[in-house]
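Beneath this line is the structure, given in structure tokens, with notes to follow.
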Amino acid sequence: MTYAVKECFLTLQGEGVQSGSRAVFLRFAGCNLWSGREQDRATAQCNFCDTDFVGTDGTGGGKFADAHGLADHVSAMWGTEEAHRLVVITGGEPMLQLDAALVEALHDHGFRVAVESNGTIEAVPGIDWLTISPKAGTDVVQRRGNELKLVWPQQGIDPTALETWDFGHFLIQPMDCADAQAAMDAAIALAMDRPKWRLSLQAHKVVGLP
Ligand code: SF4
């Protein structure tokens with residue numbers, strides 16, 4: 001299988017329970033909920049995306065002919081440190097490309113494999129940390145994982161209905177949008193009203209990391 005990678009770089013994980021952890025960020029190209037073109041945003045199933053996932057032209061991006069080649073690339077980004085190896089695989093929608101061969105190749109390099117998905121495609125086995133971020137109006141088939149991260153507010157999603165899903169952590173994250181303060185207020189209000197949800201901020205944006 002050939003993998004199309006938008007970008008790949010070493011950073012600190014900025015979101016969720018593992019926020020602050022050193023990690024290689026591997027962003028796959030492509031998403032099943034939006035083309036990534038601005039002219040399609042208004043009619044897309046997901047229209048609040050803050051990510052460029054089109055093409056393979058980002059830092060450390062490219063096309064990789066097989067799982068071992070991509071795992072070697074990720075490992076080179078991490079460097080020689082043997083302990084606490086973490087790769088965060090995102091997109092776009094990573095489940096369009098992630099397969100068991102790549103998970104295994106990354107494990108062979110000693111990585112814990114974290115994945116952030118919109119949940120509309122069932123996750124492959126072997127993932128060590130699975131984050132699902134549901135989008136309104138979509139059919140979420142992956143209702144089990146480590147953390148559920150709900151970008152808020154979103155019309156058409158009832159957080160109380162998600163509370164029965166099988167996740168260890170329920171995170172509410174203010175939407176990165178034109179009215180950021182209103183989104184923050186709405187997220188705080190939800191966390192205050194329903195304590196199962198914990199406020200989660202995009203720390204990488206606060207500290208100026210990519
Ligand atoms: S599902 Fe995720 S990657 Fe795809 S358009 Fe929405 S926010 Fe962007």
Side-chain angles (χ1 to χ4, degrees), residues 3-9 11 13-19 23-61 87-99 102 113-124 127 129-159 162 165 167 169-180 182-184 186-187 200-205 209-210:
Y3 304 94
V5 173
K6 174 66 185 185
E7 56 185 351
C8 182
F9 53 89
T11 186
Q13 164 67 311
E15 299 183 4
V17 172
Q18 303 196 82
S19 179
V24 176
F25 229 70
L26 171 60
R27 184 181 309 288
F28 278 126
C31 182
N32 59 337
L33 300 184
W34 179 40
S35 68
R37 293 189 297 265
E38 283 304 323
Q39 62 264 38
D40 299 332
R41 186 185 284 274
T43 55
Q45 280 187 279
C46 178
N47 56 20
F48 58 82
C49 189
D50 61 357
T51 304
D52 177 7
F53 53 76
V54 177
T56 57
D57 57 347
T59 303
V87 57
V88 176
I89 303 178
T90 184
E93 174 44 52
M95 293 306 171
L96 293 170
Q97 300 191 61
L98 181 62
D99 57 6
L102 181 56
V113 176
V115 177
E116 301 188 6
S117 164
N118 61 36
T120 58
I121 302 169
E122 197 173 331
V124 294
I127 294 167
W129 186 269
L130 179 60
T131 302
I132 297 296
S133 183
K135 306 299 186 292
T138 66
D139 184 17
V140 177
V141 298
Q142 184 65 44
R143 299 186 175 193
R144 164 182 298 199
N146 299 93
E147 60 185 11
L148 187 70
K149 182 179 71 184
L150 181 60
V151 176
W152 196 249
Q154 283 190 66
Q155 295 291 327
I157 284 193
D158 176 6
L162 306 186
W165 294 7
F167 287 87
H169 305 273
F170 289 76
L171 307 177
I172 195 85
Q173 181 173 294
M175 186 177 288
D176 186 358
C177 59
D179 199 346
M184 179 70 76
S200 174
L201 303 178
Q202 293 181 292
H204 56 296
K205 293 182 179 176
L209 285 170

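First listed ligand is number 1; within each ligand, the first listed atom is number 1.
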At a threshold of 2.8 Å, where the distance has to be below it, does atom 6 (Fe) of ligand 1 have an N, O or S atom of C31 nearby? no
Is there a donor-acceptor pair closer than 3.5 Å between any side-chain N or O of T56 and the backbone N or O of A4? no
Ignoring hydrogens and angles, tell me if any N or O in the side chain of Q155 forms a donor-acceptor pair with the backbone of I157 under 3.5 Å. no
Closest by any non-hydrogen atom to atom 1 (S) of ligand 1: pick that one out of V151, N118, D52. N118
Run the side-chain hydrogen bond (donor to acceptor under 3.5 Å, both in side chains) check on T120 and N32 step by step: do they pass? CA-CA 9 Å; T120 58; N32 59 337; 2.8 Å; yes
Which is it for E93 and ligand 1 at heavy atoms under 4.0 Å: side chain, backbone, both or neither? neither
Contact flag C49/atom 8 (Fe) of ligand 1, N/O/S atoms, threshold under 2.8 Å: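 A backbone or side-chain N, O or S atom of C49 is under 2.8 Å from atom 8 (Fe) of ligand 1.
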Using side-chain hydrogen bond (donor to acceptor under 3.5 Å, both in side chains) as the criterion, point out the one residue from Q18, E147, E116 that pairs with T131. E147
Using a strict cut-off of 4.0 Å, indicate which atoms of ligand 1 neighbour a heavy atom of G92.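 In order of numbering, the contacting atoms are 3 (S).
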Run the numbers for me: atoms of ligand 1, each under 4.0 Å from some heavy atom of L33, listed by number.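 Checking each atom against L33, I get 1 (S).
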Check whether any side-chain heavy atom of F25 lies under 4.5 Å from a side-chain heavy atom of Q13, and answer yes or no. yes
Evaluate the side-chain proximity of L148 to L150: yes if any heavy-atom separation is below 4.5 Å, no if none is. no
Closest non-hydrogen protein atom to atom 6 (Fe) of ligand 1, residue and atom name please, with distance?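 Scanning the protein heavy atoms, the shortest distance from atom 6 (Fe) of ligand 1 goes to C46 SG, 2.3 Å.
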Going by heavy atoms, is T51 under 4.0 Å from ligand 1? no
